[in-house]
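One structure is given here, and the rest of the page talks about it.
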Amino acid sequence: MNYKVINFKGKLNLFSEHWSPKVVAEMNDYQFKLVKIQGEFTWHSHPDTDEVFIVISGYLQIEFRDSVISLGPGEMTVVPKGVEHKPRAEQECEVLLVEPRGVVNTGDTGDTGDTGDTGDTGGGLTAENDIWI
Ligand code: NI
């Protein structure tokens with residue numbers, strides 16, 4: 001067996017672009033993805049799955065239609081499936097996402113054939129899936 005240590009900081013040093021999740025591990029059908037976030041994402045929801053955000057560094061706000069939460073290092077949240085959300089960070093924030101393989105980052109606004117609530121295509125923020133580092 002190839003038992004590996006996966007070091008978040010080491011992996012985060014391998015890329016610099018924002019809103020472009022990189023897969024670092026899989027567990028059954030779930031993927032662990034590191035992403036750097038800065039600025040505002042697009043409103044979206046994931047009709048088939050919850051989504052986990054674990055903040056490694058920096059501060060992440062997640063807007064919901066009826067409230068907003070702020071997460072700091074060592075904090076996490078689970079966004080329930082179907083709930084509209086918009087992540088944003090004033091300064092760069094490093095986050096670990098946990099979600100099933102194949103989830104589109106822009107959810108119902110992404111290029112999945114679904115028209116979404118705004119009819120856009122993720123505002124140009126839809127990332128290619130399954131990019132490993
Ligand atoms: Ni999402």
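Atoms within each ligand, like the ligands themselves, are counted from 1 in listed order.
Side chains of E92 and Q38: no donor on one and acceptor on the other come within 3.5 Å. Under 3.5 Å, the side chains of Q61 and S70 contain a donor-acceptor pair of N or O atoms.
At least one side-chain heavy atom of L60 sits under 4.5 Å from a side-chain heavy atom of P87.
Between the NE2 atom of H44 and the OG1 atom of T109 there is a distance of 7.0 Å, given to the nearest 0.5 Å.
Applying the side-chain hydrogen bond (donor to acceptor under 3.5 Å, both in side chains) rule to E94 yields the partners K9, S57; only residues at least two apart in sequence or on another chain are considered.
For the Ni ion (ligand 1), protein N, O or S atoms closer than 2.8 Å were enumerated as H44 NE2, H46 NE2, E51 OE1, H85 NE2, with waters left out.
Using the six-membered ring where Trp is involved, H85 and H46 have ring planes that are tilted, between 30° and 60° apart.
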